Undergrad: 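Below are the structure tokens for one structure; questions will follow.
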Amino acid sequence: MNLLDQLNPQQREAVETTDGPLLILAGAGSGKTRVITYRIAYLIDYCGVPPGNILAVTFTNKAAEEMRNRVDALVHTSLLGRPWLSTFHSFCVRLLREDGSKIGLRRDFSIYDEDDQLSVVKACVRRLSLSERELPSRGVLSRISHAKNHSQSPEDFYQTATDPMGEKVALAYQMYNKVLRESNAVDFDDLLLEAVRLLSEDAETALKYNQRYRYLLVDEYQDTNRSQYQLIRLLTQTQQNVCVVGDEDQSIYSWRGADIRNILEFEKDYPQARIIRLEENYRSTQTILDAAAAVVSHNLYRKGKKLWTSRRGDEKVYFYEGMDGENESLFVADWIVKRRKQHPDEKIAILYRTNSQSRLYEESLRRYGLKYSLVGGFSFYERTEVKDLLAYLKAAANPQDSVNLLRIVNSPPRGIGEGTVKKLEELARAHNLSFWDALEQLLEDRLAAKLDDKLLSARAASALENFYSLMKELQALVADAKVPELLNAILERTEYSARLEEEASPESLARLENIEELLNAATDSMERGEGLTEFLDHAALVSDVDAYDEKTSITLMTLHSAKGLEFPVVFLAGLEEGLLPHNRSLLNEHSLEEERRLCYVGMTRAQDLLILTRARSRRHYGDRMPVLSRPSRFWSEIPEELLQDISPRIGRPATAAPAAIPGERFYEYEPSESPSDHNAMPLGARVRHPRFGYGTVLQREGVGDDVKLTVSFPGVGLKKLIEKYAGLERL
DNA sequence: GATTTACGCCTTTTT
DNA sequence: GGCGTAAATC
């Protein structure tokens with residue numbers, strides 16, 4: 001069978017245009033993955049390109065894996081090697097492990113995840129003698145990450161920061177980078193930044209990779225950020241066989257530095273570029289497509305395109321308005337139960353804006369006895385026991401990795417208390433040593449009796465010695481032991497599992513299972529011929545969507561995670577102002593448009609049926625009273641003739657159980673008028689705050705003592721204040 | 001010094 | 001509603 005016969009004319013053109021820069025504008029469901037994989041197959045089979053000369057980058061391991069499988073099914077030339085398919089991040093890891101030494105990076109560097117990053121920031125804040133209140137670590141970390149996503153150095157950051165915090169954050173940022181370097185560690189963002197640095201500073205390495213990867217393919221180009229863009233530029237210096245695929249309407253990662261200009265200005269960057277549009281959709285019904293198109297057409301900042309399909313839509317887009325969040329989620333569960341009777345194996349997705357929304361759906365689905373799988377939330381590699389064991393491995397592989405060493409120094413408890421740790425940290429700082437080196441130094445000095453006994457009790461000292469010799473032992477094993485052996489050694493020497501077995505609580509048994517699973521993962525990795533470094537890299541670079549199992553029939557996930565996936569039935573939940581679009585994005589039109597794209601992404605996941613739901617009132621985390629909600633503006637952007645209401649009518653008595661939806665529980669509608677408080681600050685009020693000065697009230701939420709105000713203070717910014725405590729003065 | 005309690009903040013999205 | 005840090009208590 002001819003490869004090209006399975007493509008439409010535009011897809012075919014995209015596959016056959018092998019040389020020179022090519023931009024493929026691929027609408028949702030237009031067969032983008034098919035084009036990329038066929039193109040790879042075509043390059044190998046028809047053009048005789050050695051597979052090793054092809055590099056394709058994606059954003060998730062899942063996408064890379066899927067492409068790998070599909071390419072493998074198309075080409076049978078694995079003897080010639082395989083094309084390199086990976087995520088941006090794993091590609092960078094490989095680059096840096098191979099050639100990072102040229103920019104002063106050691107081969108055995110650790111990769112810090114968000115937890116590790118936060119520990120470093122906390123240490124930095126403490127070292128700056130600031131309290132968590134004065135400089136919250138979370139905020140600092142998010143600003144550091146934001147800076148890195150925009151390729152801003154601490155110095156750049158310092159110069160552009162305008163707020164009073166900026167200076168301190170810049171200092172923390174600088175210190176943070178220093179700590180990372182001293183720990184022989186890089187964070188997620190560094191992987192990209194350092195790869196860019198390597199390719200721009202070392203011409204020889206740049207040439208090597210330019211020659212190796214003569215054909216470059218980039219998926220989800222609209223999501224690339226500054227450093228990913230630079231990376232692509234640096235890899236296409238000697239040749240320009242670069243094919244990027246993207247859709248500006250699905251750009252939903254600008255908060256992570258994704259720059260839509262990369263796609264809009266592709267022709268400027270590569271003047272020879274050809275552009276091909278894929279506008280035939282093979283996924284959804286025309287109705288779903290029309291509804292989604294109607295929403296996204298309200299965006300001003302887009303090139304614009306028209307998707308079409310030959311699939312006729314017989315079913316309208318349904319919508320359901322529940323009394324509250326619980327009712328909304330019960331409706332979904334109930335609907336699924338009924339649907340199951342006709343379509344037992346149909347895949348159904350429940351999509352929402354924020355992870356916190358998943359809780360209601362989990363409860364409802366469980367109540368109805370439905371099995372589901374949840375993407376996001378706590379992933380396997382984030383569990384405490386798994387993180388602990390990984391920390392042992394990381395610390396053994398890279399003793400300079402102070403974060404992970406500190407994580408395990410007293411876990412499981414071995415008598416190295418906070419005080420002892422603090423002393424060691426002080427010693428390390430005083431002599432500019434890493435935690436490990438300080439430990440070594442301390443024990444040596446003690447042996448040489450250079451130390452007065454007051455500094456360290458005999459008990460603490462022997463505990464430290466034990467820990468030291470344990471780590472020494474593990475370090476020695478790193479060189480030639482396999483990962484499962486290493487893990488077993490750790491478990492044995494620390495009595496980690498023995499303790500859990502002894503405890504025998506449900507939680508500890510679950511932990512033991514996780515440990516078992518980690519051992520299995522290590523064995524699998526070993527059988528693939530991987531070493532410790534590869535195993536740890538893998539653990540660091542897996543994402544939530546990677547865990548998405550296509551076989552499970554009900555999937556709960558965020559709209560962000562859902563990108564690139566498709567389902568026969570999609571619920572788009574919580575379509576309310578404040579949720580979608582999210583409150584935080586209402587302040588400027590660019591972020592509002594991104595919310596609209598997010599809505600568009602969600603709608604276009606649906607193949608056959610799309611059901612929009614919302615709650616008329618919703619309880620926000622701690623609030624005593626549910627707050628009345630307004631339907632999302634995106635909702636009203638859908639032409640009415642495409643919609644069909646399947647909600648119960650307001651005020652219908654609970655006793656008149658509607659036959660249409662058996663088992664459904666209806667709630668009496670309680671008009672919860674917020675009692676107006678006469679002392680309250682109304683919207684638009686001019687106020688004075690003891691610290692922030694003069695401002696204007698922009699938003700009121702909650703009632704009574706819980707009233708929260710959003711106040712804009714010129715020169716300070718937006719502040720959320722509890723009215724009762726803010727000490728505001730009305731002017 | 002360690003465990004308990006209180007308070008405060010939070011939730012946007014994640015490779 | 002839940003987590004983490006800071007304060008309070010033994």
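Since the model is a prediction, treat every value here as computed from it, not as a measurement. Below, each value reflects all heavy atoms present in this structure, side chains not excepted, and no hydrogens, waters or symmetry copies.
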Undergrad: Wobble G-U and Watson-Crick pairs count when both distances are under 3.5 Å; given that, what is the 5' to 3' dot-bracket string of DNA chain B, with | for pairing to other strands?
TA: |||||||||......

Undergrad: Rounded to whole Å, how long is the line connecting atom CD of A/E594 with atom C1' of B/dT13?
TA: 9 Å

Undergrad: Given atom CE of A/M557 and atom P of B/dT13, what is their separation to the nearest angstrom?
TA: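 In whole Å, B/dT13 P lies 15 Å from A/M557 CE.
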
Undergrad: Before accepting this row, confirm whether a basic side-chain N of the pair A/E194/A/R197 lies closer than 4.0 Å to the acidic partner's carboxylate O.
TA: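 Salt bridge between A/E194 and A/R197, a charged N being under 4.0 Å from a carboxylate O: yes.
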
Undergrad: Which pairs, protein N/O on one side and nucleotides 4-8 of chain C N/O on the other, fall under 3.5 Å?
TA:
| from | atom 1 | to | atom 2 | distance (Å) |
| --- | --- | --- | --- | --- |
| C/dT5 | OP1 | A/K122 | NZ | 2.3 |

Undergrad: Name the residue closer to the 5' end of DNA chain B, choosing between A/F188 and A/E595 according to the nucleotide with the nearest heavy atom.
TA: A/E595

Undergrad: Separation of A/E362 atom CD from C/dG2 atom P, in whole Å?
TA: 13 Å

Undergrad: Suppose we call two aromatic rings close when their centres sit under 6.0 Å apart. Are A/H89 and A/F59 close by that rule?
TA: no

Undergrad: Quick check on side-chain hydrogen bond (donor to acceptor under 3.5 Å, both in side chains): which of A/R366, A/R359, A/R367 does A/E363 satisfy it with?
TA: A/R359

Undergrad: Find the distance A/Y253:OH to B/dT14:C1' and express it as a whole number of Å.
TA: 6 Å

Undergrad: Less than 4.0 Å between a side-chain N and a carboxylate O, is that true for A/E385 and A/R511?
TA: yes

Undergrad: Under 4.0 Å: is that the gap between some side-chain N or O of A/S356 and OP1 or OP2 of B/dC10?
TA: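 Answer no for this pair, as no side-chain N or O of A/S356 is under 4.0 Å from OP1 or OP2.
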
Undergrad: List the steps, then state whether side-chain hydrogen bond (donor to acceptor under 3.5 Å, both in side chains) holds for A/D189 with A/S145.
TA: CA-CA 7 Å; A/D189 305 317; A/S145 188; 3.1 Å; yes

Undergrad: What's the CG-C1' distance between A/L565 and B/dT14, to the nearest Å?
TA: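 Those two atoms, CG and C1', are 15 Å apart.
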
Undergrad: Between A/Y213 and A/Y209, what is the ring plane arrangement, given parallel below 30°, perpendicular above 60°, and tilted in between?
TA: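 Aromatic pair A/Y213/A/Y209 classed parallel.
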
Undergrad: Using the P atom on both, measure B/dT13 against C/dG4 and round to a whole Å.
TA: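 Nearest-Å result for B/dT13 against C/dG4 at atom P: 16 Å.
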
Undergrad: Return the set of residues passing side chain to side chain contact (heavy atoms under 4.5 Å, CB included) with A/H538 (not counting sequence neighbours), or none when no residue passes.
TA: A/Y381, A/V542

Undergrad: Check the phosphate of B/dT14 against A/N355, side-chain N and O only, distance under 4.0 Å to OP1 or OP2. Yes or no?
TA: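 Yes, within the criterion.
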
Undergrad: Using the six-membered ring wherever Trp is involved, compare the ring planes of A/F157 and A/Y173 and label them parallel, tilted or perpendicular (cut-offs 30° and 60°).
TA: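 A/F157 vs A/Y173 ring planes: perpendicular.
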
Undergrad: Picking from B/dT11, C/dG1, B/dT14, which would you name as closest to the side chain of A/S561?
TA: B/dT14

Undergrad: At under 4.0 Å between heavy atoms, what does A/T558 touch on the DNA or RNA strands: base, sugar-phosphate, or nothing?
TA: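 Result for A/T558 = sugar-phosphate.
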
Undergrad: Do the side chains of A/D324 and A/R619 get close enough for a salt bridge, i.e. N-O under 4.0 angstrom?
TA: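 The answer is no: the pair does not qualify as a salt bridge.
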
Undergrad: A/D223 CG to B/dT13 P: how many Å, rounded?
TA: 17 Å

Undergrad: Of the options C/dG1, B/dT15, B/dT14, whose atoms approach the side-chain atoms of A/R359 most closely?
TA: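 So the side chain of A/R359 is nearest to C/dG1.
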
Undergrad: In whole Å, what is the span from the CZ atom of A/R618 to the P atom of C/dG1?
TA: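 From A/R618 CZ to C/dG1 P: 16 Å.
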
Undergrad: Regarding A/D116 and A/R407, does a basic nitrogen lie under 4.0 Å from an acidic carboxylate oxygen?
TA: no

Undergrad: For the pair made of NZ in A/K422 and P in B/dA2, what is the distance, rounded to whole Å?
TA: 11 Å

